[in-house]
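Okay, so here's the structure we're looking at.
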Amino acid sequence: MHKVAVVVVFALVALASAANVHLASFEPQDIYAEPNCKIVNDHSRMFRDISDPTHYWVCPEGQEKAQYIQCPPNEAFMEKPQKCVPWEEWKWVEPYTK
């Protein structure tokens, strides 16, 4: 029984480590604020503003400061399709970090 408990503990540690690796691609970005453009590699990516879905951030290549962009009227930004969509299509998506 002791060996089973040890195996379970190791499996849980491995699972937790794998989860942290998945989240590492987003850190140390603060999902509620301007992204840190100094560490952004994908300059075509748009970053959502959780507090205001009518805006999003972009990090133009060669610039250290992000640009804060407003969606067209009656639209909100959705991260998965990486574009502004009409409010009728917009859905809340839980952030990938807490």
Side-chain angles (χ1 to χ4, degrees):
M1 186 61 138
H2 177 68
K3 290 181 182 180
V4 172
V6 170
V7 170
V8 169
V9 168
F10 279 116
L12 290 174
V13 169
L15 184 61
S17 296
N20 285 338
V21 168
H22 175 68
L23 295 176
S25 63
F26 295 108
E27 291 178 353
Q29 298 291 10
D30 181 347
I31 61 172
Y32 296 99
E34 179 179 349
N36 181 357
C37 291
K38 293 177 185 176
I39 64 168
V40 170
N41 294 322
D42 182 359
H43 297 283
S44 64
R45 179 179 173 198
M46 301 171 187
F47 298 86
R48 71 191 268 193
D49 180 346
I50 304 233
S51 63
D52 182 359
T54 65
H55 288 80
Y56 61 93
W57 300 92
V58 294
C59 286
E61 192 165 3
Q63 292 187 20
E64 291 185 9
K65 184 138 178 73
Q67 293 179 352
Y68 194 55
I69 300 173
Q70 183 172 5
C71 290
N74 300 316
E75 292 188 7
F77 181 73
M78 288 193 66
E79 192 163 30
K80 187 171 183 175
Q82 288 282 289
K83 65 179 184 176
C84 295
V85 298
W87 276 109
E88 297 80 27
E89 297 175 25
W90 185 84
K91 292 182 178 81
W92 169 257
V93 176
E94 190 69 29
Y96 35 77
T97 60
K98 302 264 183 222

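Sequence positions, counted from 1, serve as the residue numbers for this chain. Computed from a predicted model, the values in this text were never measured in an experiment.
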Next on the checklist: Let me confirm one number: the NZ-CG distance from K65 to N36, rounded to the nearest 0.5 Å.
Outcome noted: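 If I round to the nearest 0.5 Å, the distance is 11.0 Å.
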Item to check | Distance in Å, F77 CZ paired with D52 CG, rounded so as to fall on 0.5 Å steps | outcome: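 The distance works out to 12.5 Å.
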Checklist entry - What pair of heavy atoms forms the shortest contact from C71 to P53, and how long is it? => result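 Minimum heavy-atom separation between C71 and P53: SG-O, 4.3 Å.
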Checklist entry - Which heavy atom of M78 sits nearest a heavy atom of E89, and at what distance? => result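 Heavy-atom minimum between the residues: SD-O, 3.7 Å.
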Checklist entry - Is any side-chain heavy atom of Y68 less than 4.5 Å from a side-chain heavy atom of E34? => result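 Y68 vs E34: side chains apart.
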Give the table of side-chain donor-acceptor pairs shorter than 3.5 Å for residues 80-88, with sequence neighbours excluded, one pair per line with atom names and distance.
unit_1	atom_1	unit_2	atom_2	d
Q82	OE1	M46	N	2.6
Q82	NE2	M46	O	3.1
Q82	NE2	E79	O	2.9

Next on the checklist: Just to verify, which of Q63, Q67, H43 counts as forming a side chain to side chain contact (heavy atoms under 4.5 Å, CB included) with V58?
Outcome noted: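 For V58, the side chain to side chain contact (heavy atoms under 4.5 Å, CB included) test succeeds with only one of Q63, Q67, H43, which is Q67.
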Checklist entry - Among all residues two or more places apart in sequence or in another chain, which pass the side-chain contact (heavy atoms from CB on, under 4.5 Å) test with N41? => result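 For N41, no residue satisfies side-chain contact (heavy atoms from CB on, under 4.5 Å) once neighbours in sequence are set aside.
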Checklist entry - Quick one: do I69 and W57 end up in the same hydrophobic cluster if we chain Ile, Leu, Val, Met, Phe, Trp and Tyr together by side-chain heavy atoms under 4.5 Å apart? => result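 As far as the 4.5 Å side-chain criterion goes, W57 and I69 are not connected within one cluster.
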